[in-house]
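Input: a single structure, listed below in structure tokens.
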Protein chains: 2
Amino acid sequence: MIDIKHFLRQNSLRPTKQRVIIANYLFDGVNKHVTAETLSNKLLKMKAGISLATIYNTLHDFYEKGLLKKLMINSERIYFDTNTEHHHHFYSKKDQKLIDINVDMKVSGLPKPPKNKKIKKIEVLVHLDN
Amino acid sequence: MIDIKHFLRQNSLRPTKQRVIIANYLFDGVNKHVTAETLSNKLLKMKAGISLATIYNTLHDFYEKGLLKKLMINSERIYFDTNTEHHHHFYSKKDQKLIDINVDMKVSGLPKPPKNKKIKKIEVLVHLDN
DNA sequence: TATCAGTTTAGAACGATTCTAATGTATTGA
DNA sequence: TCAATACATTAGAATCGTTCTAAACTGATA
């Protein structure tokens, strides 16, 4: 618990009760993909009475500090990824589930970007069938 | 115009006035990326008095018939692509603009999909910086 | 040309997210 | 230690893209 408080302070975030609970869950060593909704459900099960507004605020705050990555997979909701390293994903629409691809992949045959633009990052999303 | 009517009929779509106008614009030979909003703006400029509801309906109908591809780029809106071939994109968040990548690209080093799942398609999105 | 299934429409409803402004709490410095 | 204050949390309202509803309209057909 003290670790998490330090961790939050190191990232210029006040270790409030709510942030400590959420950070403890998110940064427990197991990479996770959460939405505001799935996180809210998890917290309800843990009987942490944290309002939806705080969940949104906290995800946003953690994102701002670079502790989470935002994933734009579909237009229905925003996914946050605790794995902030550059990596790719499998996505099963049916299961509404993302799986990290942590191995190095190479994209070859990429054309030049348009004039005056540079490539920021390449994102590969592998859609699964079933 | 008669072409478009045939085209719609061939795709089991009644060639109503609104659909003809929208199809004429979308399928004029130049590939396009539209959202309900950008299409609506374009139609307003053309003084075609087509309601937003019809724009949504029509995009959806065309999509159902395989005339458009849906692109999930961000959580703000749904993009439709008149290029229904398998291809990839450059994306400039700043310009809110998509550019087709029509050359063949290869992704190497892809791990096996999880058990009992197969790969449906691989989508590469190249984020541009400026 | 009457019929009717399919289409369009305005506006209501919806759902994820953000905002508001009132209340609560961690931090600080005396 | 405590008061002051800057920052956080919260319920509920607002927002915004999209979908739904149900009434009016229109293309196809016989």
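The sequence lines fix the lettering, A, B, ..., with proteins before strands; numbering per chain opens at 1. Worth knowing before you read on, the calculation uses all heavy atoms, side chains too, and leaves out hydrogens, waters and symmetry mates.
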Comparing Asn57(B) and Asn57(A) on DNA chain D - which has the more 5′ nearest nucleotide: Asn57(A)
Upstream residue (5' side of DNA chain C) when Ser75(B) and Lys17(B) are each assigned their closest nucleotide: Lys17(B)
Rounded to whole Å, how long is the line connecting atom CD of Glu76(B) with atom P of dC16(D)? 12 Å
Audit row: Phe27(B), Phe62(B), ring pair (Phe, Tyr, Trp, His ring centres under 6.0 Å) steps and yes/no: CA-CA 11 Å; Phe27(B) 308 119; Phe62(B) 288 4; 5.6 Å; yes
Looking only at dT17(C), dT9(D), dA6(D), the nucleotide nearest the Ile78(A) side chain is dT17(C)
Pick base, sugar-phosphate or nothing for Glu37(B), based on heavy-atom distances below 4.0 Å to the nucleic acid. nothing
Counting side-chain heavy atoms from C-beta on, which of dG12(D), dA10(C), dT27(C) comes nearest to Ala53(A)? dG12(D)
Closest to side chain of Thr16(B), choosing from dT8(C), dA11(D), dG6(C): dT8(C)
dA6(D), dT18(C), dT7(C): which one has an atom nearest the side-chain heavy atoms of Tyr56(A)? dT18(C)
Ile50(A) CD1 to dA11(D) P, straight-line distance once rounded to whole Å: 11 Å
Between CD of Gln18(B) and C1' of dG27(D) the distance, given in whole Å, is 11 Å
Hey, does Arg14(B) reach any base, or is it just sugar-phosphate, or nothing, if we go heavy atoms under 4.0 Å? base
Residues Arg14(B), Asp61(B); criterion salt bridge (Lys or Arg N to Asp or Glu O under 4.0 Å); working and verdict: CA-CA 11 Å; Arg14(B) 253 194 218 173; Asp61(B) 293 344; over 6 Å; no
The nucleotide from dT18(D), dT8(C), dA26(C) with an atom nearest the side chain of Thr54(B) is dT8(C)
Starting from P on dC20(D), measure out to CG on Asp61(B) and report it in whole angstrom. 13 Å
Where the side chain of Ser51(A) is defined as all heavy atoms beyond and including C-beta, which of dG17(D), dA11(D), dT17(C) is the nearest nucleotide? dA11(D)
Any side-chain donor paired with an acceptor under 3.5 Å for His33(A) and Asn83(A)? no
Nearest whole Å is fine: how far is dT17(C) C1' from Arg77(B) CZ? 14 Å
If you check the Arg19(B) side chain, which of dA28(D), dT7(C), dA26(C) turns out closest? dT7(C)
Looking at the side chain of Leu52(B), which of dT10(D), dT9(C), dT18(D) is the nearest nucleotide? dT18(D)
When His88(A), Lys32(A), His89(A) are each screened for side-chain hydrogen bond (donor to acceptor under 3.5 Å, both in side chains) with Asp100(A), the one that passes is His89(A)
Please give, in whole Å, the distance from dT7(C) C1' to Lys65(B) NZ? 14 Å
To the nearest Å, how far apart are Ile55(A) CD1 and dA8(D) P? 17 Å
Measure the distance from CG on Leu13(B) to C1' on dT26(D) and round it to the nearest whole Å. 16 Å
NE2/His87(A) to CD1/Ile101(A) distance, rounded to the nearest 0.5 angstrom? 9.0 Å
